[in-house]
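To keep things clear, I will list the structure first and then write my remarks on it.
Not measured: the values here are computed from a predicted model. Each ligand, and each atom within it, is numbered from 1 in the order the structure gives. The figures here come from the full heavy-atom set of this structure, side chains too, leaving out hydrogens, waters and symmetry mates.
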Amino acid sequence: MTDRLSEETRGVLIVGAGPAGLVLGNLLLAAGVDCVIVERQSRAHVEQRARAGFLAANTVRILTDAGLADGLLKDGRQHDTCAFRTESGEFELAYGDRGRGEAHTVYPQQHLVRDLVAEFLARGGDLRFGTAAVEIAGLASDRASVTVRTPDGGSHRLHGAFVAGCDGRHGTARATVPATAARRHVRDHGVSWLALLAAAPQSMAAVAYAVHRDGFAGHMARTPDVTRYYLQVDPGDDPDAWTDRRVWEALDRRMRTDVHGPLHRGEILERRVLAMRSDVLDPIQYGRLFLVGDAASLISPSAAKGANLAVMEAETLARALAARLHGDDERLLARYSADCLPRIWRAQEFSHWMIGLLHGPTGDGDEAAFLRALQHARLESLRTSRRHQDHFADNYVGI
Ligand code: APR
């Protein structure tokens, strides 16, 4: 006997409840567009997954306009200065006073996700946890479908006018786009970071980027009790080989705490190795499937753009879907990919430039010395040129 497949017809089918899917779902609900979100993980899992935390001014504007920013306006912290430490000393760049004069709001991504889930449910949204999309089909017809595995192990098929693929880098949406239908631009930057969360208050007011012969080190505030640290490590390094002692020794050396003062230490709550990779699909649409967030493009975390791009794309798509489903106006939807890709590439360009700024060669040969001198010149230009600082500020906070 075969299991019966249950079926259901809805408006927009959203796969994935990260920042991309949740912002899109909330905006669609607000626009009166029927939608359903399916999420493979449990609610507790998505609400505790620590990721990024730097929200750009445009992101805060979108969330505020949509009534989704109560938590971040209450508990988020304004951040407008970053510092660069090199062998020549430290300089601070008050980017909130440069360029367009915008600051970041620091608010841990899992808190934003928690707020977006609560708001979606409070507005009567249909969000199904423990429900994984296993197949996306019918994308050339007006009856697209997402087949899901339900929490009890059954199969269920949702039909809808459109599918929003918000299921991240390894999701089903991206895998559904045939290789011949989209160009995939991929870059492995050849650099890896050990991402650490320490149960310790921040050690300095600013985000600090340390450029060192041993490799890059970074310090970023998260909450009053938790700080994010990064250490450049060899690609493929085992995070567990980085014992607490080794981590703090490397941070002290690269952050030059003998000159600039000690770091607050605390239990290391998380250690993960992240490869700096970029991956952009073009177009970010395939028939009735629209990709949003990491499903559309992967950006290295060097400039904290991932979540901000996801929110920008979600807003663009929500507007386009509402125009199509309410007003039968196809124009915005037809332009979704063309509207988003220039901004995605702008963010990629800046992120790529940041990688070059922060990571010098570690060797001692002539070429390594040359590249280090270039890196030093880049940092000097940023330290001394107000025009360069304006450009940096606009790109660092904006998209
Ligand atoms: N079915 C349903 N849900 C799925 C499936 C699937 N087959 N595969 C993945 N998911 C879910 C994941 O469990 C996750 O909750 O999709 C969600 C994708 O969320 P994110 O990975 O956070 O991606 P996105 O919403 O695009 O995030 C935007 O924020 O911090 C950054 O790194 C993050 O750059 C990313 C950005």
Legend entry - Contact atoms of ligand 1, heavy-atom distance to Val46 under 4.0 Å: 15 (O)
Inset, instruction - Check whether the ring centres of His45 and Phe129 lie less than 6.0 Å apart, and answer yes or no. - result: no
Inset, instruction - Measure His170 to ligand 1 on non-hydrogen atoms and call it side chain, backbone, both or neither using the 4.0 Å cut-off. - result: neither
Inset, instruction - Please say whether Ala20 places an N or O atom under 3.5 Å from an N or O atom belonging to ligand 1. - result: yes
Legend entry - Residue and atom name of the nearest protein heavy atom (relative to atom 33 (C) of ligand 1), distance in Å to one decimal: Asp294 OD2, 3.7 Å
Legend entry - Aromatic ring proximity, centroids under 6.0 angstrom, Phe350 and Trp345: no
Inset, instruction - Identify whether the distance between the nearest side-chain nitrogen and carboxylate oxygen of Asp282 and Arg183 falls below 4.0 Å. - result: no
Legend entry - For Ala52, atoms of ligand 1 separated by under 4.0 Å from a heavy atom: 30 (O)
Inset, instruction - Flag the pair Glu380 and Arg378 as a salt bridge only when some basic side-chain nitrogen lies within less than 4.0 angstrom of an acidic carboxylate oxygen. - result: no
Legend entry - Shortest protein contact, atom 3 (N) of ligand 1 (heavy atom only): Arg40 N, 3.1 Å
Legend entry - Element-labelled atoms of ligand 1 that are located less than 4.0 Å from some non-hydrogen atom of Ala310: 28 (C)
Legend entry - Carboxylate-amine/guanidinium proximity below 4.0 Å for Asp244 and Arg271: yes
Inset, instruction - Number the atoms of ligand 1 from 1 as they appear, then name those within less than 4.0 Å of a heavy atom of Gly293, with their elements. - result: 26 (O)
Legend entry - Nitrogen or oxygen atoms of Gln41 and ligand 1 under 3.5 Å apart: no
Inset, instruction - Over 60° means perpendicular and under 30° means parallel, so classify the ring planes of His79 and His104, tilted if in between. - result: tilted
Inset, instruction - Using a strict cut-off of 4.0 Å, indicate which atoms of ligand 1 neighbour a heavy atom of Gly18. - result: 17 (C), 19 (O), 22 (O), 25 (O)
Inset, instruction - Give the numbers and elements of all ligand 1 atoms closer than 4.0 Å to a heavy atom of Val15. - result: 1 (N), 2 (C)
Inset, instruction - Give a yes or no on this: more than 12 heavy atoms of other residues, nucleotides or ligands lie within 6.0 Å of atom CG of Asp152. - result: yes
Inset, instruction - Do me a favour and list the nearest non-hydrogen protein atom to atom 23 (O) of ligand 1 with residue, atom name and distance? - result: Gly168 CA, 4.1 Å
Legend entry - Gln109, portion touching ligand 1 at heavy-atom distance under 4.0 Å: side chain
Legend entry - Thr131: numbered ligand 1 atoms lying under 4.0 Å from its heavy atoms: 2 (C)
Inset, instruction - Would you sort out whether Trp248 and Tyr229 count as a ring-ring contact (aromatic ring centres under 6.0 Å, His included), showing the intermediate values? - result: CA-CA 10 Å; Trp248 291 112; Tyr229 284 102; 5.6 Å; yes
Inset, instruction - Would you tell me whether Glu92 and Thr81 have side-chain atoms, one donor and one acceptor, within less than 3.5 Å of each other? - result: no
Inset, instruction - Among all protein heavy atoms, pick the one closest to atom 18 (C) of ligand 1 and tell me residue, atom and distance. - result: Cys166 O, 3.4 Å
Inset, instruction - Could you tell me whether ligand 1 has any atom less than 4.0 Å away from a heavy atom of Arg49? - result: yes
Inset, instruction - Over 60° means perpendicular and under 30° means parallel, so classify the ring planes of Trp193 and Phe216, tilted if in between. - result: parallel
Inset, instruction - Answer with yes or no whether the side chains of Thr59 and Asn308 bring together a donor and an acceptor at under 3.5 Å. - result: yes
Legend entry - Contacting atoms of ligand 1, where contact means under 4.0 angstrom from a heavy atom of Val38: 2 (C), 3 (N)
Legend entry - For atom 27 (O) of ligand 1, the protein heavy atom that lies nearest, with its residue and separation: Pro19 CD, 3.6 Å
Inset, instruction - Assess Ile299 for proximity to ligand 1: is some non-hydrogen atom of it under 4.0 Å away? - result: no
Inset, instruction - For atom 1 (N) of ligand 1, find the nearest protein heavy atom and state the residue, atom name and distance (0.1 Å precision). - result: Ala133 N, 2.9 Å
Legend entry - Residue and atom name of the nearest protein heavy atom (relative to atom 13 (O) of ligand 1), distance in Å to one decimal: Glu39 OE2, 2.6 Å
Legend entry - Pair Glu349 + Arg346: basic N to acidic O under 4.0 Å: no
Inset, instruction - Among all protein heavy atoms, pick the one closest to atom 10 (N) of ligand 1 and tell me residue, atom and distance. - result: Asp167 CB, 3.7 Å
Legend entry - Reference residue Tyr209; test ring pair (Phe, Tyr, Trp, His ring centres under 6.0 Å); the match among Phe84, Phe392, Tyr230, Phe91: Phe84
